[in-house]
Amino acid sequence: MRIVYSPEHTKHDPKKEISDGQLTDAVEVPSRAKTVLARIEETGLGPVEPPKTFPQDALLRVHSVDYLNFLKEFWTEWRAEGRDGEAFPFVWPGRGLRRDKVPAHIDGRLGHYAFDAGSPMTEGTWDAALASAHVALTAADIVCGGDTSAFGLCRPPGHHAGRDTFGGYCFLNNAAIAAEHMLDKGCHAVTILDIDYHHGNGTQAIFEERSDVFFVSLHADPVMEYPFFLGYADETGRGAGEGFTANYPLPFGTDWPKYREALSHALDRIDKAGSDVLIVSLGLDTFEHDPISRFKLTSGDFLSLGAELDRVGMPTVFIFEGGYAVEELGVNCVNVLTGFEREAA
Ligand code: Q9C
Ligand code: ZN
């Protein structure tokens, strides 16, 4: 399997995040991608190549131009206010406040475009996010070119980012950008299977009214877990997209037998949907020792998970999302990919 990686991600190097009522050590850190890369090299999973660059049009298929400009200009504006540390929003247009106004002040802009206070922005965030999107696009191109699979080692992750919102450590929605690109390149329909521990609220929102992108997600029940405000079983798509969203919220403590059952349902539905390609939003935070999550998958289970994914026999683009147990992250991630490849062979 060909792998796409860019060292640009190291420019997004947050030190702290707001979590559990405190300023705590950031968990979405450069060592995450480095350890996965090291494991790929150690196991000889496949050739690692740099991303190609793409015109901004590829991003505009998913994100608004205002939002992209905000991300690009953010650091200059932040510095202009005399700030130089990491940025967090602290005020939002909640109920009763205006969402149609985009303030000029950077604190107002942060609140307009953010949906949580847990996603630090730094000087290099835009460069890293842009490279991450290019990694996803390049992986998509590899599969469009005829390979049966590819892995985009994206960082920062993407599945929480909406058309004009950031949060959950995500700024550009890499999986959504890859999906639109594949549709542009002639695919008729794409399925996105999101197996990150957290619901992929951004991806769902981007495609909820679309019938050419089937979004399927297995995740911790939002009644108890982040992102709390999307990912319930009664969300099935809207308008033309009715029936093209499927959520499988699962309880804390979900282990492989339970997870496999839900995955099996999801894969049956994907099989019936008959898309041309599968994009897997690959989060490894379902791991039993993940520091911020509460599922119970073991390192060995990730091999089985990869094998299951090949059951639908579709060309597959893997896009790296969450997973914060850095020490085991490389093994867990590569286990999914080798489990998939062994099955395919
Ligand atoms: N106390 C992804 O996995 N904050 N994002 C958790 C825990 C948000 C996770 C706070 C977690 C976002 C891509
Ligand atoms: Zn996650």
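Every number for a ligand or one of its atoms is a count from 1 in the order of the listing.
Any N or O atom pair closer than 3.5 Å counts here, and Gly322 shares no such pair with ligand 1. An N or O contact shorter than 3.5 Å is missing between Glu17 and ligand 1 by distance.
Ligand-side atoms of ligand 1 in range of Pro157: 13 (C), range being under 4.0 angstrom from any heavy atom. Here is the list of ligand 1 atoms found below 4.0 Å of a heavy atom in Tyr226: 8 (C), 11 (C), 12 (C). Which parts of ligand 1 touch Asp196 is read off a 4.0 Å heavy-atom cut-off, strictly below it: atoms 3 (O). Near Asp20, meaning under 4.0 Å from any of its heavy atoms, are these atoms of ligand 1: 1 (N).
Within a 6.0 Å sphere centred on NZ of Lys72, heavy atoms belonging to other residues, nucleotides or ligands number more than 12.
The shortest contact between atom 5 (N) of ligand 1 and any protein heavy atom is with Gly168 O, 3.0 Å. Among protein heavy atoms, atom 4 (N) of ligand 1 sits closest to Tyr169 OH, 3.7 Å. Nearest protein neighbour of atom 3 (O) of ligand 1, counting heavy atoms only, is Tyr324 OH, 2.6 Å. The protein heavy atom nearest to atom 10 (C) of ligand 1 is Ser19 OG, 3.5 Å.
Taking the ring axis of Phe70 as reference, the NZ or CZ atom of Arg109 does not stay both within 45° of it and closer than 6.0 Å to the ring centre.
At least one donor-acceptor pair under 3.5 Å links the side chain of Arg99 to the backbone N or O of Pro93. Side-chain N or O atoms of Asp290 include one that pairs as donor or acceptor with a backbone N or O of Tyr324 at under 3.5 Å.
For an aromatic pair to be called close, the ring centres must be under 6.0 Å apart, and Phe228 with His199 fails this. Taking the six-membered ring for Trp, Tyr226 and His160 have ring centres closer than 6.0 Å. You'll find the ring centres of Phe340 and Phe318 inside the 6.0 Å limit. In this structure, the ring of Phe171 has its center no less than 6.0 angstrom from the ring center of Tyr113.
At a threshold of 2.8 Å, the Zn ion (ligand 2) has no backbone or side-chain N, O or S atom of His159 nearer than that distance.
The Zn ion (ligand 2) is closest to atom ND1 of His198 (considering only N, O or S atoms). Counting just the N/O/S atoms of Asp285, the one with the shortest distance to the Zn ion (ligand 2) is named OD2. The nearest N/O/S atom of Asp196 to the Zn ion (ligand 2) is OD1.
Salt-bridge annotation for Asp141 and Lys185: present, with a side-chain N of the basic residue lying under 4.0 Å from a carboxylate O of the acidic one.
For Asp285, every heavy-atom contact with ligand 1 shorter than 4.0 Å involves the side chain, none the backbone.
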Decide ring-ring contact (aromatic ring centres under 6.0 Å, His included) for Tyr197 and Phe295; before the verdict, give the C-alpha distance in whole Å, the side-chain angles of both, and the deciding distance to 0.1 Å. CA-CA 8 Å; Tyr197 170 81; Phe295 281 2; 4.8 Å; yes

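With His198, His159, Glu28 as candidates, the residue nearest to atom 9 (C) of ligand 1 on a non-hydrogen basis is His198.
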